[in-house]
2 protein chains.
Amino acid sequence: METIPDLRSYGGADAYLRNCASREVLDFLSSKWVCLTIGALRPGTMRFSELRRRLDGITQKMLTQSLRDCERNGLVLRTVYPTVPPRVEYRLTDLGQSLAGLTDAIRIWSESHMSDIQVAQGEYDERAARAPEPV
Amino acid sequence: METIPDLRSYGGADAYLRNCASREVLDFLSSKWVCLTIGALRPGTMRFSELRRRLDGITQKMLTQSLRDCERNGLVLRTVYPTVPPRVEYRLTDLGQSLAGLTDAIRIWSESHMSDIQVAQGEYDERAARAPEPV
DNA sequence: CGGTATCCTTTCTGATACTG
DNA sequence: CAGTATCAGAAAGGATACCG
């Protein structure tokens, strides 16, 4: 017989609680390059240098770190071919694939609502500048 | 007649480019508390103190900052009732609602795949400990 | 109640140099 | 090619005190 402790969240996990492990997962997914890294790997296998070109502005260090973290969390698989020079390929695991659709949705939302947000920012800043304090 | 410049991304926006404004939007959505803040407001209006209790572990400063940023980006509406003591209510805008489903999906993924990730971490760390360097 | 302001620590990030 | 190592600056985040 199985225990089903709390069906409001999954397996008792609740990211709103500070000590729940899912909070750490969410924090990891919120790091700067994870969304773009996962998204870049979604179509298929890529080499390190290909990823570096795709993720415009990323440094070697951050790409390495992002890929290592993704690998450690089971999202990305790293394959080294012992050639000279070395060839290293990255691809999503099944777990990574199950996430990629969701992160891509966030990225596409960012792209498609970019101008809405710019308008909102402009209005907010103008209001803030016009009414610094009610004297 | 409409101009449709580049259909690979939305309105020409491409978060993979470092200077595209959508990159900033994506970075903002990747900040630590945004996902939980938006998610907490999804069911309806909430007061500051209610949010603070819901987002376990958040400091007053970070909640204020997160809400201000969301407000500035047009995701959240802030309403002040000039009573004593003051009553301040927060709710999602239509733009915020259009995002909330996506961020909630990420949070739920984190909760439902938490144990998969913990297993992956354990395996990765064990491999790293067992093969520190091929001598 | 719902904040601001300040200080301080930690984490993140980038730049640079070097390596098998 | 695909990293690692180190350093320094920037940014994020937290603790605390105070305010209308």
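In what follows, chains are A, B, ... by sequence order, proteins preceding strands, each numbered from 1. As a basis for the values below, the full set of heavy atoms in this structure was taken, side chains included, without hydrogen atoms, waters or symmetry mates.
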- Here the distance between atom P of D:dA2 and atom CE of A:Met46, to the nearest Å, is 11 Å

- Message: Expressed as a whole number of angstroms, how long is the span from A:Leu51:CG to D:dG3:P?
- Response: 10 Å

- Note on the structure: Residues of residues 73-82 of chain A with a heavy atom under 4.0 Å from any atom of DNA chain C, listed by number, are none

- Rounding to a whole Å, what distance do you find between A:Asp56:CG and C:dG14:C1'? 15 Å

- What's the CD-C1' distance between B:Glu89 and C:dC1, to the nearest Å? 13 Å

- Tell me: CG of A:Leu67 to P of D:dG3, nearest whole Å? 8 Å

- Sugar-phosphate, base or nothing in reach of A:Arg52, heavy atoms under 4.0 Å: nothing

- Test side-chain contact (heavy atoms from CB on, under 4.5 Å) applied to A:Asp27 and B:Lys32, step by step: CA-CA 6 Å; A:Asp27 287 347; B:Lys32 188 170 184 181; 3.6 Å; yes

- Taking atom C1' of C:dG14 as reference, at what distance in whole Å does atom CZ of B:Arg18 sit? 12 Å

- Item | A:Arg47 vs D:dC1: side-chain N/O to OP1/OP2 distance below 4.0 Å | no

- Once each nucleotide of nucleotides 5-20 of chain D is scored for protein heavy atoms under 4.0 Å, what B/S/- sequence comes out, 5' to 3'? -BB-----BBB----B

- For residues B:Asp125 and A:Arg72, determine if any side-chain heavy atom of one lies less than 4.5 Å from a side-chain heavy atom of the other. yes

- Given the rule in the side-chain contact (heavy atoms from CB on, under 4.5 Å) test, do B:Leu95 and A:Trp109 qualify, once you have shown the distances and angles that lead to the verdict? CA-CA 10 Å; B:Leu95 187 63; A:Trp109 187 94; 3.8 Å; yes

- Query: Between B:Ile106 and A:Leu26, what is the shortest heavy-atom contact and its length?
  - Reply: CG2-CD1, 3.9 Å

- Task: Compare all side-chain heavy atoms of B:Arg78 with those of B:Val88 and state whether any distance is below 4.5 angstrom.
- Result: yes

- Out of curiosity, B:Asp69 CG to B:Leu75 CG, how far, rounded to the nearest 0.5 Å? 10.0 Å

- Reported CG-to-CD distance for the pair A:Leu41 and A:Glu50, which is rounded to 0.5 angstrom: 10.0 Å

- Query: Which atoms form the tightest heavy-atom contact between B:Ala21 and A:Gln118, and what is the distance?
  - Reply: CB-NE2, 3.3 Å

- Message: With a 4.0 Å limit, can you tell me whether A:Tyr90 has a side-chain N or O closer than that to the phosphate oxygens OP1/OP2 of D:dC1?
- Response: no

- Message: Side chain of A:Val88 only, heavy atoms from C-beta on: which candidate in C:dG3, C:dG2, D:dA2 is closest?
- Response: D:dA2

- Message: Contact between B:Thr93 and B:Val76 at the side-chain level, heavy atoms closer than 4.5 Å - yes or no?
- Response: no

